[in-house]
Amino acid sequence: MGNLLEHMGIERDRVHFSWISSAEATKFVDVVTEVSKTVRALGPNKKLVKDYN
Amino acid sequence: MDTCINKIREISLELLEKGEVDKVIGFANGTIPMATSPIAVTSKQDIEKLVFNSTCGLNLANYLKQSIKDQKSKIAVIAKGCDARNIVTHIVENQVQRDQLYIIGVPCNGMIDKAKIASLFDDDITSFSEDGDTLNITSSLKEEKLNKKDYLRENCQLCLHKNPVIYDTLAADLVEEQTLDNPFPDVEKIEAMDSDTKWQHFTDLTKNCIRCYACRNACPLCYCPTCFVDESGPQWVGKGQDETDVNTFHFLRAFHCAGRCTDCGACVEACPMDINVRDFTRKLNKDSFEMFGWEAGLDLSKRPPLDVYSPDDPNDFIK
Ligand code: SF4
Ligand code: SF4
Ligand code: SF4
């Protein structure tokens, strides 16, 4: 899924997959920190966004 | 291919006369030149309507399920290499039973790119015929003799399975399969682009899409009773021609075909706007091949990769 999105031009770092158990609080924090870091580095997404105005 | 149609008619006639099958699913001439449409022949008077030539680009696997009346009935179907692979997929996915089908295999020399041929003419094509590898096409303004090899559809140029993988009888001799150093040059071209250029490519590709869903309806894989685009509660995707909705439709449809698409080209064949929707599915075919060594519809005993779990599935995308 990530590969096809990337193929269409949605940067790979915008889409993340993880498997976290409810007991893995530290893993959750690590993943979320990583996700926000990489997504912030890419800046706002303008692709595949629907403008309702 | 003239001899092959005689053989197809002969086999079909025999099957119908002996009552072995209720009907034969094949191709008939369309209402305009250089076009064919699917037909279900049930009586011997209609046998002559069956044709087979380089314009039979639709995929007959798409018409099997609705043609089988009940569990006792049996039908015959004419199958090129790609149709046969979609029949295998249908059997594996329990859409049809093998013993309800009589498969008349037709080793295939490729189908022609009708849009490319039409673009050579300023007016409407009035007649089409073929003689071996030569295509004779006329309009009221001019006449062209073309070499079929130069006007094959892109998927047929890249096809590695022209011979049916499953059949009960063959209507012609097997043809030589080609080997390609690079089976995915089209995908690699897109992969080499940067993100913005890729996005631009797909935006341009689908900008004329009128959401008619002919691509979906022609695809043998798209047999869901209600397609996600037609659902209204919840409505997964907007129904208009908003660029994001259009691309969401194409992206998700392609993903529903992941590991199942045989690159038969019926979706492109059916599109009235000449959109190469294969640009979406081809990437998934390449990934299936590279990650799972998988090509769809080759083996009745294997399930598609996204349908099974194996401990050595690639999973480096999971954090
Ligand atoms: S994809 Fe292959 S089997 Fe199908 S029409 Fe083209 S050449 Fe024939
Ligand atoms: S997506 Fe297109 S090429 Fe793939 S199986 Fe469906 S109709 Fe054929
Ligand atoms: S057939 Fe062509 S125009 Fe119609 S929905 Fe598919 S891509 Fe769009």
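Throughout, a chain's letter reflects where its sequence line sits, starting with A, and its residues are numbered from 1.
Interface residue B:D279: only backbone heavy atoms are found under 4.5 Å from chain A. With a 4.5 Å cut-off on non-hydrogen atoms, B:D196 touches chain A through its backbone and its side chain both. Both the backbone and the side chain of B:N247 come within less than 4.5 Å of a heavy atom of chain A.
With chain A as partner, the option from B:Q200, B:H201, B:H250, B:K198 having the largest number of non-hydrogen pairs under 4.5 angstrom is B:K198.
Residues from residues 33-50 of chain A that place a non-hydrogen atom less than 4.5 Å from a non-hydrogen atom of chain B comprise A:E34, A:K47, A:L48, A:V49, A:K50, given in numerical order. Heavy-atom neighbours of chain B within the stretch residues 7-25 of chain A, taken at a separation under 4.5 angstrom, comprise A:H7, A:M8, A:G9, A:I10, A:E11, A:R12, A:H16, A:F17, A:S18, A:W19.
Between the NZ atom of B:K283 and the CG atom of A:L5 there is a distance of 11.0 Å, given to the nearest 0.5 Å. To the nearest 0.5 Å, the span separating CG on A:L4 from CZ on B:F280 amounts to 7.5 Å.
Counting non-hydrogen atoms of neighbouring residues, nucleotides and ligands closer than 6.0 angstrom, the NZ atom of A:K27 exceeds 12 such neighbours.
Residues passing the side-chain hydrogen bond (donor to acceptor under 3.5 Å, both in side chains) test with B:R260, sequence neighbours excluded: B:E93. Take B:E243 and apply the side-chain hydrogen bond (donor to acceptor under 3.5 Å, both in side chains) test, not counting sequence neighbours, and it matches no residue.
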